[in-house]
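Here is the structure we will look at, set down as structure tokens.
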Amino acid sequence: MATAERTTSVLADAEAVFDVVTDLEHLSAWLPAGVEVERYGPDVVRLWLGEDVVERRVAVDWDRLRIDWGGRSATTCHGTLRVLRLGPGRSAVTVRLTGPAGFPAPRLDDWLAAALDALVTTVHAERAAPPRSTAASR
């Protein structure tokens, strides 16, 4: 099994980054092409990895800004993402990922690098967008 670990810095508060990564409805916004994700239950996502379909439980730790998926019982497609507070308007994201069986390690590392680049772009786009309001305008 291939495992990859990467860290990237983000010019945004850790909470803003964590809001993006915990939005299970929109994970596909920052995952690389070829991976489709669907929220399948309150704490479950379904991933399409080419022809393979897997379901993984997602555990969110809001206090530690950490997400775990798959758990120790999953032999593939599991990992941990952690957002670290570096200072006002600065954070870092660290991901450790074990890929699907037979997936080459260099390709997994490239995939993870692309995902983190897309995450940074998504966070910056979210910060630049006007705030969303649920209140009706008069």
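Numbering of residues begins at 1 and proceeds along the displayed sequence. Everything numeric in this text was worked out from a predicted model, so none of it was measured.
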Correct closest heavy-atom pair for Thr122 and Ala29 would be OG1-O, 3.7 Å

Rounded to the nearest 0.5 angstrom, the NE2-CG distance for His124 and Leu11 is 5.0 Å

Residue set satisfying side chain to side chain donor-acceptor pair (under 3.5 Å) with Ser9, at least two apart, ordered chain then number -> none

Rounding to 0.5 Å, atoms CZ (Arg96) and OG1 (Thr80) come to a distance of 8.5 Å

Nearest heavy-atom approach of Leu116 to Arg6 is CD1-CB, 3.6 Å

Which atom pairs, one a donor and one an acceptor, fall under 3.5 Å between side chains of residues 84-93 and the rest of the protein, sequence neighbours left out?
{"from": "Arg85", "atom 1": "NE", "to": "Glu15", "atom 2": "OE2", "distance (Å)": "2.8"}
{"from": "Arg85", "atom 1": "NH2", "to": "Glu15", "atom 2": "OE2", "distance (Å)": "2.7"}
{"from": "Ser91", "atom 1": "OG", "to": "Ala12", "atom 2": "O", "distance (Å)": "2.9"}

Closest non-hydrogen atoms of Trp111 and Leu97, given as atom of the first, atom of the second and distance, are CZ3-CD2, 3.3 Å

Shortest non-hydrogen pair, Ala14 vs Leu65, comes out as CB-CD1, 3.7 Å

Tightest non-hydrogen contact, residues Leu81 and Trp30, listed as CD1-CH2, 4.2 Å

Residue set satisfying side chain to side chain donor-acceptor pair (under 3.5 Å) with Arg82, at least two apart, ordered chain then number -> none

Note: Asp61 and Phe18 closest approach over all heavy atoms is O-CZ, 3.9 Å

Sorted by chain and residue number, the side chain to side chain donor-acceptor pair (under 3.5 Å) partners of Thr7 (sequence neighbours excluded) come out as Thr94

Taken in chain and number order and not counting sequence neighbours, the residues that satisfy salt bridge (Lys or Arg N to Asp or Glu O under 4.0 Å) with Asp13 are none

By side chain to side chain donor-acceptor pair (under 3.5 Å), Arg107 pairs with (sequence neighbours left out) none

